[in-house]
> 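The structure under discussion is supplied below as structure tokens; questions concerning it will follow.
We name chains A, B, ... by the order of the sequence lines, and we start the count at 1 in each one.
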Amino acid sequence: MLATVMDPSVSFRDAAPADHAVPVSPAAELALRGIHKSFGGRTVLSGLDLDIARHSFVSIVGRSGEGKSTLLRMLAGLETPDAGGVNLNGKPVRGLSPDVTMMFQDARLLPWQTVLGNAGIARGQGWRREALAALAAVGLEDRANEWPAVLSGGQKQRVALARALVRHPGLLLLDEPFGALDALTRADMQRLVERLWRQTGFTAVLVTHDVAEAVALSDRVLVLRGGRIALDLPVDLPRPRPRASADAAALEATILNALLG
Amino acid sequence: MSLSLSAPHGVALRWRFNAAPLLPWLVPAALILAWQIGSDAGWITRRTLPSPLSIANAIAALAWSGELFHHAAISLQRAVLGFVIGGTLGLGFGVLNGISPLASRLLDTTLQMLRTIPHLAIIPMVILWFGIGEGAKIFLVAAGVFFPMYLNTYHGVRMADAGLLEMGRVYRLSGWAVFWRVILPGAMPSVLLGVRYGLGIMWLTLIVAETISASAGIGYMTMNAREFLQTDVVLAGVLLYALLGKLSDVAAKVLERRCIAWHPSFAAQREG
């Protein structure tokens with residue numbers, strides 16, 4: 001199923017639109033109501049309401065310690081709110097959902113499994129074929145039998161992305177997955193994620209501290225400050241987006257102002 | 001550092017002598033030669049230290065009569081049995097206490113207390129319990145191997161990467177899958193360290209146990225030879241222990257290479 005939408009002949013650098021693509025799994029929608037969360041008396045999220053539409057790409061930016069990652073982990077079911085509720089596709093989230101997957105800051109590959117074994121970590125029916133197709137989609141099918149130890153940082157994150165794709169996620173959560181990469185690799189990864197998002201049609205939520213990255217990738221940027229959403233800015237720029245356009249720069253300035261308060 | 005000869009004008013000689021692999025053996029060879037010369041000249045008395053040649057003769061005679069293999073086989077059997085029993089128990093308790101906080105709270109303090117007792121100190125008790133039969137020696141080896149295996153396994157399992165465990169949760173791996181694919185392989189380098197420590201203790205314990213009471217085995221052979229002042233046979237037994245110790249170390253290294261081929265130090269070699 002993956003193979004039909006992820007044409008291995010398309011290079012990962014090729015960010016050309018693929019309008020013929022059909023979603024592989026129904027994109028998820030999210031509704032958060034009155035979310036409170038505190039750690040040891042320190043309030044991180046207070047009375048947060050948020051709706052995320054199907055097949056949207058939402059970025060969450062904020063300073064360190066403003067609860068971006070906590071919010072994302074809550075969407076993953078790794079954290080539970082002290083008050084309020086998270087609904088995924090109209091149903092309350094309790095624990096981890098098979099429909100949701102997450103990419104972390106570090107790739108978190110199993111060093112003792114090959115690239116293929118990592119991509120197909122969940123070992124479902126026909127996992128080898130699925131994992132190979134996903135590796136092809138991220139341009140790493142020829143590294144399938146190697147150990148993660150010999151890959152570069154960017155390649156490791158691409159394996160992590162392939163691993164996420166094998167699950168046909170309705171919701172892909174990205175916790176600063178490109179933060180540790182060099183600028184060129186980061187730009188490559190951003191284009192790859194954007195292309196796969198357009199082709200496969202999952203809902204994406206990205207946590208980042210890079211305002212330019214948020215504007216380049218998402219339909220909507222949220223600025224988190226003081227446990228609430230300080231700014232909810234739609235990014236209505238055509239895709240594929242040219243780098244460093246004047247429109248993008250204006251949006252980035254607005255976001256930065258909201259961040260700095 | 002290789003000594004290679006090549007003719008001028010770029011014409012390589014067909015004969016090349018690479019001395020590098022022989023270099024580490026130069027000093028031992030010189031020492032043995034000096035020892036032999038010292039014995040022949042009468043500077044070293046035969047009762048203090050027999051000459052290398054007479055030791056070689058003793059080994060040849062023991063091998064010819066089959067005695068050598070008989071005793072070595074019995075020692076090896078005790079070593080393997082004791083190691084398997086002690087190692088399996090150590091691995092089992094290490095894993096159990098590593099993954100279960102309840103088991104750890106219940107058992108770890110007790111095991112740490114027992115660990116501080118030198119296992120050779122209980123030889124008199126072991127003889128009372130098991131007599132001087134095979135049971136006593138196997139018990140002592142097992143007791144010696146248990147603790148390094150337990151400690152290293154426990155440590156390896158406890159040190160499981162929290163990030164990988166969380167990844168396992170996000171990917172909804174079952175408890176078994178998390179154990180077999182995340183925790184145990186991650187603990188493997190530590191477990192193998194336990195194996196190598198355990199192998200060292202295994203031979204040490206066996207030497208002591210066989211020297212105290214046995215009717216067969218390398219230790220018995222050397223003690224028996226001492227009674228008759230056959231110092232060459234005593235030293236042949238010592239050499240045999242050294243050889244078996246080296247063999248088990250090589251086996252542990254092979255095991256290490258197979259089990260942690262993914263490790264960056266090995267993986268990079270394969271790539272290069």
> Check for a donor-acceptor pair, side chain of Arg172(B) on one end and backbone N or O of Leu96(A) on the other, with a separation under 3.5 Å.
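Such a contact is found between Arg172(B) side chain and Leu96(A) backbone.
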
> A quick test of your reading: do over 12 heavy atoms of other residues, nucleotides or ligands sit less than 6.0 Å from OH of Tyr197(B)?
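No, because the 6.0 Å sphere around OH of Tyr197(B) holds 12 heavy atoms or fewer from other groups.
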
> Sequence neighbours excluded, which residues qualify as side chain to side chain donor-acceptor pair (under 3.5 Å) partners of Asp161(B)?
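With sequence neighbours excluded, Asp161(B) shows a side chain to side chain donor-acceptor pair (under 3.5 Å) to no residue whatsoever.
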
> Checking side-chain contact (heavy atoms from CB on, under 4.5 Å) for the pair Phe104(A)/Glu166(B): CA distance, chi angles, key distance, verdict?
CA-CA 10 Å; Phe104(A) 305 92; Glu166(B) 192 178 78; 3.4 Å; yes

> Do other residues, nucleotides or ligands put more than 12 heavy atoms under 6.0 Å from the NE2 atom of His36(A)?
yes

> With rounding to the nearest 0.5 angstrom, report the CE to CG distance, Met167(B) to Leu109(A).
7.5 Å

> Examine distances only and state if a side-chain atom of Arg108(A) and a backbone atom of Leu164(B) form a donor-acceptor pair shorter than 3.5 Å.
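Side chain of Arg108(A) to backbone of Leu164(B): no pair is present.
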
> Over all heavy atoms of both residues, which pair between Arg167(A) and Tyr171(B) is shortest? Give the atoms and the distance, please.
NH1-CA, 3.1 Å

> Answer with side chain, backbone, both or neither: which region of Ala160(A) has an atom nearer than 4.5 Å to a non-hydrogen atom of chain B?
backbone

> Trp112(A) side chain to Arg181(B) main-chain N or O, any donor-acceptor pair under 3.5 Å?
yes

> Given heavy-atom pairs under 4.5 angstrom as the criterion, report whether the side chain, backbone, both or neither of Leu173(A) touches chain B.
neither

> For a 4.5 angstrom cut-off between non-hydrogen side-chain atoms, does Met102(A) reach Arg169(B)?
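Not in contact.
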
> Given heavy-atom pairs under 4.5 angstrom as the criterion, report whether the side chain, backbone, both or neither of Ser97(A) touches chain B.
backbone

> Please determine, among Pro98(A), Ala76(A), Ala122(A), the option with the most heavy-atom pairs under 4.5 Å with chain B.
Pro98(A)

> Identify which part of Pro148(A) has an atom lying under 4.5 Å from any heavy atom of chain B, answering side chain, backbone, both or neither.
neither

